Amino acid sequence: MVCLSLEELYKEVILDHYRAPRNKGQLDPHDVALERNNPLCGDEIEVFVKFDGENVGAIAFEGKGCSISMASASMMTEKVQGLTVKDAGELAETIKKMMAGEEEGEPEVLGDLVSLKGVVKYPVRIKCALLGWNTLLEAFEESGKN
Amino acid sequence: MVCLSLEELYKEVILDHYRAPRNKGQLDPHDVALERNNPLCGDEIEVFVKFDGENVGAIAFEGKGCSISMASASMMTEKVQGLTVKDAGELAETIKKMMAGEEEGEPEVLGDLVSLKGVVKYPVRIKCALLGWNTLLEAFEESGKN
Amino acid sequence: MSLDVESLRKDFPIFETQVHGKPLIYLDSASSSQKPRQVVDRMVRFYETEYANVHRGVYDLSERATAAYEGARAACARFVGARDPRSIIFTRGTTEGINLVRFTWARANVKAGDEILVTEMEHHSNLVPWQLLAQEVGASLRHLPVDDEGLLRIDLLDEYITERTKVVAVSLMSNVLGTINPVRALADAAHAAGARIVVDAAQAAPHIPIDVNELDVDFLAYSSHKMLGPTGAGALYGRLDLLEEMPPFHGGGEMIREVFPDHSTWAEVPHKFEAGTPNIAQAVGMGAAVEYLEGLGMGNVRAHEKEMVDYGISKLEEAGAKVYGPKDISIRGGVASFNLDEVHPHDMATILDQEGLCIRAGHHCAQPLMRVLGVPATARASFYVYNTPDEIDALVGALDKAKGWFA
Amino acid sequence: MSLDVESLRKDFPIFETQVHGKPLIYLDSASSSQKPRQVVDRMVRFYETEYANVHRGVYDLSERATAAYEGARAACARFVGARDPRSIIFTRGTTEGINLVRFTWARANVKAGDEILVTEMEHHSNLVPWQLLAQEVGASLRHLPVDDEGLLRIDLLDEYITERTKVVAVSLMSNVLGTINPVRALADAAHAAGARIVVDAAQAAPHIPIDVNELDVDFLAYSSHKMLGPTGAGALYGRLDLLEEMPPFHGGGEMIREVFPDHSTWAEVPHKFEAGTPNIAQAVGMGAAVEYLEGLGMGNVRAHEKEMVDYGISKLEEAGAKVYGPKDISIRGGVASFNLDEVHPHDMATILDQEGLCIRAGHHCAQPLMRVLGVPATARASFYVYNTPDEIDALVGALDKAKGWFA
Ligand SMILES: Cc1ncc(COP(=O)(O)O)c(C=O)c1O
Ligand SMILES: Cc1ncc(COP(=O)(O)O)c(C=O)c1O
């Protein structure tokens, strides 16, 4: 288990991805694109996926919002790229359970994502952290790949 | 001012009128008869008046209910018999104000009726004490005499 | 294990007060119960150390308040055997719960020509809302009769529930007769006819263990203030699938997802039904009352009240009172409505008050039932966890005294 | 005479708590205020020495409870300048008050083709009920615009209020912009067109003196929890003649006169609108909050907040924040919504929380206004009687720190 103070959480991980988001922008061509928002805080995200057989071939996101929602989406794109849709979906479910406090999550599997656990203490922010992941799961569903 | 304990109030005045109500029964012939009830406690009363010019010539009541409503109606019939309609109406208003705690009332004028003041401490019972008086006022109104 | 009444009475500060210089004997818990220190203290602590608005705050204090509020929801769900806290909507009390069903599920589902079945023993709170609904949509009301013993005529259900019946509204326990109704049988009959059952558990929740799944009910409303909790709180249980498809009730903050100038979309259940700042501290207090009752054990509560009502009925009858409702205490809660020939119930209540005894007199918000019983009013003594047989003896002693006055 | 803030802070036990090891700095009173000991103690005393159900009991304890409850009604009437306590209906809060008007007066009076005028700055609680009503009856909504300074465009009233307008729904003070609206002008225009005006005073009541007669409004709703009182209580003022002719809201006990199997007649105003056991202890607590505020003097409360918001705005602007709403503090309450370019409001609130600072971030239940302002969310600091300039300094210091993280 890692323990980060809020300051560490922000400074070490969140702000890195917030300032320099990975895979940010439109992805063209794509197989599926899905836009979702969190009306409670106004955060918006659009996720683009191009499949490569059963795998996530390429993924990108667009959006605006707080650092947690943007950083989480950025980390997500790094993490699921190249995974099978099934594994990516399972990872998303793990993250959701972790944020609901139902699962600890394995540091080896999670890597950077472990830092999101710092958000569990701020239930209102959990929706921010999950916006990208929920959009991904819906995108999978829409594509019929899941 | 008289001060009566509840027991005295009941024993000295209320129960006397309750057990031996004055002017109880139908009054025939009459000029006006009016029935009213207090739905909150189920008390019912009917007041009959025969006028003699501008005066209350004869008055009687029928009804069933708690001792306070019946005793108050009985005392009322004794008290207003022979009064002018105007004076009887004013007496009724005095009693209402007395029960609302707005007026003390003159012992000389009130006589027995003073005992009703014991009821002021029991706001829920005030409606019982006033049922007859309110019906009388309405009966006057209906007869066009007031 | 049974209730240790002497020791639990110490949890209730009000029993240290005097009425007219006499110790308080409170026999009106069916109207509203007294509150243990634990419940009041929980609310004080909430205001003094955890207070903030719920759900919308990013900061820690608001998270703590939200956790307390949602924890109370879980307690209120558990208390009636509901598996998912989301099936509990916080209300002001039973009356609001039933009216909520009227304004949402019922207005969306009851049409002209439909029938609503109530019973002759319903409290006004489970009758007037249905009258208003019926008038509004052009439906009609039917009234399942009560027999001479104070039991519902469920032998007539076939006649009273038809294919036009859309709602069966019934109380789990009568506040006048004490009758505990066979709600499961009514639920089965309602469901067989495609109707929904709405249960008024205002009297039942404080006194008997409830399981909404065993009863198989669609909606069930109860009040905090009758079960040792604060005023201003209550819970409405609703089947999740029904809650999800129902339109919202009040419009406002908290119950929305997105608001546009001319229309809006709704938050998830149960928030969809909790517009505006909720009764936060009262919900927390109601949760504390649930925990207090769980600590006593609802089985023990029920056992104590059986003893009390058994003793109470026999003493009242000895004193010459006519006691209404079933004599079989296995289907009767801790309520004894009665009349004495000699003393009108209102006089009785006034006279008993002088002795520090609180009983109720009147129609008990059940005027139609009074007409069925053929009386304008009754007196009513009702018992709860803190009452003792001694208090029944005091009641009967005071009744004798009142009879003496009128003799 | 002005407020002695240092000494009145001692009335608020919560300021002895710590958040993340730091003293609590509570700048979210516009969402809900903290409670002084006097208010909480009043409710504790009520439960411990005076508790019973109201109105229906013949005994002394019930009379005392009724007197406390009705005394609170008189206090709530006086607080907004209403001459007759009967014009006050107790509710759970502002949201319920407005929905009550929607379900009673408005459903009886607003017809297909009619118009309802709201404003662009309304809280969801004074918008969504009117959307729901409009959808239900086939009326339509119009939205009085807000100008760049955060003021209502009352110069456009002639265009927006027509002979089809039946309701004008407006807040006396905005919870986002702080704007204090010229409600009297809106009332006059509404009345000239034969419409009724419904005022949301959730923000105004805690902060500025109100007189319903001077404002000449038809309905005015406010909440206890924002004005030092308990949750679960609120008051709706209604003009007596309107209340008298309006149909009832909830059906149930207490609001009836006579109940027959198929229909009922109604109790007098205000009881007609208070079905079931009311939020007794909360109303009593709200009355105690009124008395506490009267003790401070609403003029002094207003003066203190003017100073606070004046200082707050200038400090926030120095710190580089964009502050929304009017700069003229004579028409602005103690609310400062702002944004920093560098730090998203949600991040800001999370980071400030670490410093013990409670501020709000989000849409503040005013999504349509957020769209008008062109922002997804704002941060908001709001001030009340217990806040000090030092706390504003602490806020600005913490904002600088947050900017540092994001720099
Ligand atoms: C302007 C305004 N109107 C209405 C409300 C709703 O008040 P309540 O949540 O107490 O019902 C609020 C507070 O949230 C408000 O600020
Ligand atoms: C059987 C029954 N139903 C409904 C109610 C109404 O409950 P409340 O007044 O808490 O809304 C009561 C209590 O008064 C009751 O006894």
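If you're wondering where the values come from, they're calculated on a predicted model, not measured in any experiment.
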- Stepwise side chain to side chain contact (heavy atoms under 4.5 Å, CB included) check, D:His346 with C:Val58: CA-CA 7 Å; D:His346 277 93; C:Val58 176; 3.7 Å; yes
- What option among D:Leu100, D:Asn279, D:Thr231 has the most heavy-atom pairs under 4.5 Å with chain C? D:Thr231
- Query: So, C:Thr277 and D:His225: side-chain donor and acceptor under 3.5 Å apart, yes or no?
  - Reply: yes
- D:Leu127 versus chain C, heavy atoms under 4.5 Å apart: side chain, backbone, both or neither? side chain
- For D:Tyr26, is it the side chain, the backbone, both or neither that has a heavy atom under 4.5 Å from a heavy atom of chain C? side chain
- Message: Quick check on the 6.0 Å ring-centre criterion: do C:Phe249 and D:Phe103 meet it?
- Response: yes
- Query: For C:Pro278, is it the side chain, the backbone, both or neither that has a heavy atom under 4.5 Å from a heavy atom of chain D?
  - Reply: backbone
- Residues which pass side chain to side chain contact (heavy atoms under 4.5 Å, CB included) with D:Lys226, listed by chain and number, not counting sequence neighbours: D:Ala202, D:Gln203, D:Pro206
- Under a 4.5 Å heavy-atom cut-off, does chain C meet the side chain of D:Ile359, its backbone, both or neither? backbone
- Mind listing the closest non-hydrogen atom pair of C:Cys358 and D:Tyr59 along with its distance? SG-CD1, 3.5 Å
- Task: Would you confirm whether C:Gln367, through its side chain, and D:Val259, through its main-chain N or O, come within 3.5 Å as a donor-acceptor pair?
- Result: yes
- Note on the structure: Those residues at least two apart in sequence (or on a different chain) that pass ring-ring contact (aromatic ring centres under 6.0 Å, His included) with C:His263 are C:Phe260
- Top residue by heavy-atom pair count (under 4.5 Å) with chain D, among C:Glu258, C:His363, C:His124, C:His20? C:His124
- Examine whether an atom of C:Val40 lies under 4.5 Å from a heavy atom of chain D, and if so say whether it belongs to the side chain, the backbone or both; otherwise answer neither. side chain
- Considering all heavy atoms of both residues, which atom of D:Arg360 and which atom of C:Ser62 are nearest to each other, and what is their separation? NH2-OG, 4.3 Å
